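Just below is one structure, and these are the notes that go with it.
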Amino acid sequence: MEDTEKLRNAFQELYDQTPRLFCAPGRVNLIGEHTDYNEGFVLPMSVDRRTVVAAASADDRCIRVHSLDLNDQAEIDLNKAYRPGDQEWLSYVEGVARLLDESGALIPGANLAISSDVPIGSGLSSSAALEMSVAIALVGLAGARVDLVKLALLAQRAEHIYAGAKVGVMDQLASAFGQRKHALLIDCRSLERTMIELNIGDRVVVVCDTGVKHSLASSQYNERREECVRGVELLRAKLPGIASLRDVSAAEFDEYSELLPEPIRRRCRHVVTENGRTLRAADALRHGEIAFFGKMMRESHQSLRDDYEVSCKELDLMVELALQHEGVVGARMTGGGFGGCTVNLLDRAVLDSFCESIAQDYQERTGIQTSIYVVEAADGAREIKGLE
């Protein structure tokens with residue numbers, strides 16, 4: 001409430017208007033990595049860190065925006081053609097605004113002020129939180145009906161076109177549809193979403209940031225996508241009906257994997273097995289079978305490390321240190337890989353000792369100071385009504 005009041009006051013000082021407030025959370029993916037662009041399954045949860053946008057209408061064709069956290073501001077003139085600038089954060093805002101304008105859903109202009117406690121570059125998807133909060137703010141000011149699926153797809157397109165990141169739609173959907181005390185099983189082909197209650201008992205979800213991001217991430221990401229496409233093409237010799245790796249069962253893969261050369265075979269094996277793990281993990285979570293859920297997390301990391309080869313020594317070390325600690329149920333890398341974060345499930349009773357030992361041991365081994373975030377599932381994108 002204190003943060004929203006600070007944002008509201010800052011907005012009034014900037015624009016001399018009374019704003020409406022809109023917010024969207026970040027997310028962490030519990031399991032289901034590199035399955036989204038293969039039309040598979042993912043199991044993220046939105047987190048209790050969010051981006052808040054204070055917004056009011058303007059009478060022109062300009063979107064004026066001020067970032068409190070970055071102490072930066074900009075003006076987007078929708079009557080003028082887009083020109084890339086050096087304000088990276090602005091590309092997400094401008095992309096959403098211009099695509100909404102093209103769709104006919106945007107008001108003539110708007111004044112915005114933005115504040116966020118989603119850490120940038122932490123693996124908690126600060127970009128999706130920014131995109132979705134701006135999207136619902138602009139649509140809300142327009143008085144239009146909010147179709148969250150369409151807004152999530154629009155935000156994804158904005159990130160593709162304006163930020164140059166060919167992301168799947170998991171982040172935006174998780175930010176849009178998150179729910180307290182629940183994870184979200186997403187079918188990335190149909191976009192069907194199933195709420196899975198977080199039956200984790202007295203346990204907590206902890207995100208550990210390795211503090212590294214290797215430069216090969218983007219090029220290797222595109223290469224993995226191409227390898228998956230090639231794998232599907234080769235498997236069609238025996239499985240002509242498949243459209244993506246999502247359509248290949250574990251038994252079919254075992255039978256026909258010899259059609260695939262290395263490393264394509266291992267890439268496809270990860271996707272096929274990860275889809276199965278994600279569905280089994282969601283079922284285990286639904287029934288409170290936490291030991292099995294942790295086993296799926298551990299196997300997911302091994303597959304990402306050995307078959308998909310998107311881990312790195314820092315991620316592997318962070319997972320190793322976590323699994324050595326008493327009370328840790330599961331640990332794995334989360335996100336695109338080659339750096340970034342791990343997600344860990346552990347007993348609440350060992351939380352303090354876990355955070356202390358991970359921070360100390362990781363810094364001793366790498367010289368890098370980690371950031372650690374304890375997160376809970378939170379509600380998705382919405383307008384803030386009253387005091388919150």
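Quick caveat, the model's predicted, so the values are computed rather than measured. Only heavy atoms go into these numbers, but all of them, side chains included; no hydrogens, no water, no symmetry mates.
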Nearest 0.5 Å, please: how far is [atom2] in [Y] from [atom1] in [X]?
{"X": "S46", "Y": "H182", "atom1": "OG", "atom2": "NE2", "answer": "11.0 Å"}
{"X": "C62", "Y": "N79", "atom1": "SG", "atom2": "CG", "answer": "7.5 Å"}
{"X": "L173", "Y": "R193", "atom1": "CG", "atom2": "CZ", "answer": "6.5 Å"}
{"X": "L124", "Y": "T334", "atom1": "CG", "atom2": "OG1", "answer": "8.5 Å"}
{"X": "L198", "Y": "R203", "atom1": "CG", "atom2": "CZ", "answer": "12.0 Å"}
{"X": "C312", "Y": "M318", "atom1": "SG", "atom2": "CE", "answer": "9.5 Å"}

Using distance alone, with no hydrogens and no angle criterion, decide if [X] and [Y] have a side-chain donor and acceptor under 3.5 Å apart.
{"X": "R224", "Y": "Q220", "result": "yes"}
{"X": "E39", "Y": "S244", "result": "yes"}
{"X": "D69", "Y": "S116", "result": "no"}
{"X": "H270", "Y": "D306", "result": "no"}

What do you reckon, is [atom1] of [X] surrounded by more than 12 foreign heavy atoms closer than 6.0 Å?
{"X": "Q369", "atom1": "CD", "answer": "no"}
{"X": "E326", "atom1": "CD", "answer": "no"}
{"X": "E233", "atom1": "CD", "answer": "yes"}
{"X": "E320", "atom1": "CD", "answer": "yes"}
{"X": "E88", "atom1": "CD", "answer": "no"}

Is [Y] close to [X] at the side-chain level, that is, under 4.5 Å between some pair of heavy atoms?
{"X": "V271", "Y": "R246", "answer": "no"}
{"X": "C228", "Y": "V232", "answer": "no"}
{"X": "I136", "Y": "V53", "answer": "no"}
{"X": "L100", "Y": "L154", "answer": "yes"}
{"X": "D379", "Y": "Q179", "answer": "yes"}
{"X": "R98", "Y": "I76", "answer": "yes"}
{"X": "L78", "Y": "I63", "answer": "yes"}
{"X": "V205", "Y": "V343", "answer": "yes"}

Working for side chain to side chain contact (heavy atoms under 4.5 Å, CB included), residues R269 and S257: CA-CA 8 Å; R269 181 167 60 206; S257 63; over 6 Å; no

Evaluation steps, salt bridge (charged side-chain N to carboxylate O under 4.0 Å, His left out), between D283 and R286: CA-CA 5 Å; D283 194 54; R286 187 184 285 115; 3.2 Å; yes

Is a salt bridge present between [X] and [Y], judged by a nitrogen-to-oxygen distance below 4.0 Å?
{"X": "R236", "Y": "D247", "result": "no"}
{"X": "R267", "Y": "E309", "result": "yes"}
{"X": "R27", "Y": "D171", "result": "yes"}
{"X": "E226", "Y": "R230", "result": "no"}
{"X": "K238", "Y": "E255", "result": "no"}

Derivation of the side-chain hydrogen bond (donor to acceptor under 3.5 Å, both in side chains) call for D316 and H301: CA-CA 8 Å; D316 294 340; H301 184 79; 2.9 Å; yes

Smallest separation among heavy atoms of [X] and [Y], with atom names:
{"X": "S126", "Y": "P119", "result": "CB-O, 4.0 Å"}
{"X": "L234", "Y": "P261", "result": "CD1-CD, 3.7 Å"}
{"X": "V42", "Y": "M170", "result": "CB-SD, 3.6 Å"}
{"X": "V329", "Y": "A291", "result": "CG1-CA, 4.3 Å"}
{"X": "F22", "Y": "S133", "result": "CB-O, 4.1 Å"}
{"X": "A322", "Y": "A331", "result": "CB-CB, 4.0 Å"}

Would you kindly confirm whether [X] and [Y] end up in one hydrophobic cluster when ILVMFWY residues are joined by side chain heavy atoms under 4.5 Å apart?
{"X": "M296", "Y": "F253", "value": "no"}
{"X": "F338", "Y": "V212", "value": "no"}
{"X": "L351", "Y": "V319", "value": "yes"}
{"X": "V374", "Y": "L30", "value": "no"}
{"X": "L185", "Y": "V169", "value": "no"}

Of R266, R277, R332, the residue whose pairing with S303 passes side-chain contact (heavy atoms from CB on, under 4.5 Å):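 Exactly one pass, corresponding to R277.
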
Heavy-atom donor-acceptor pair, [X] side chain to [Y] backbone, under 3.5 Å:
{"X": "E33", "Y": "G335", "result": "yes"}
{"X": "Y362", "Y": "T210", "result": "yes"}
{"X": "N275", "Y": "F41", "result": "yes"}
{"X": "E274", "Y": "G32", "result": "yes"}
{"X": "D101", "Y": "A97", "result": "no"}
{"X": "E159", "Y": "G95", "result": "no"}
{"X": "E131", "Y": "Y92", "result": "no"}
{"X": "R348", "Y": "V204", "result": "no"}
{"X": "T370", "Y": "A359", "result": "no"}
{"X": "K213", "Y": "G337", "result": "yes"}

Check the orientation of [X] and [Y]. Use parallel for under 30°, tilted for 30 to 60°, and perpendicular for over 60°.
{"X": "H325", "Y": "F354", "result": "perpendicular"}
{"X": "F11", "Y": "Y15", "result": "tilted"}
{"X": "Y82", "Y": "Y162", "result": "perpendicular"}

Side chain to side chain contact (heavy atoms under 4.5 Å, CB included) evaluation trace for L153 with L191: CA-CA 10 Å; L153 291 169; L191 304 187; 4.0 Å; yes

Candidate pair V47 and Y373, rule side chain to side chain contact (heavy atoms under 4.5 Å, CB included), full reasoning: CA-CA 10 Å; V47 298; Y373 309 99; over 6 Å; no

Side chain to side chain contact (heavy atoms under 4.5 Å, CB included) between D117 and V52, worked out: CA-CA 9 Å; D117 64 356; V52 183; over 6 Å; no

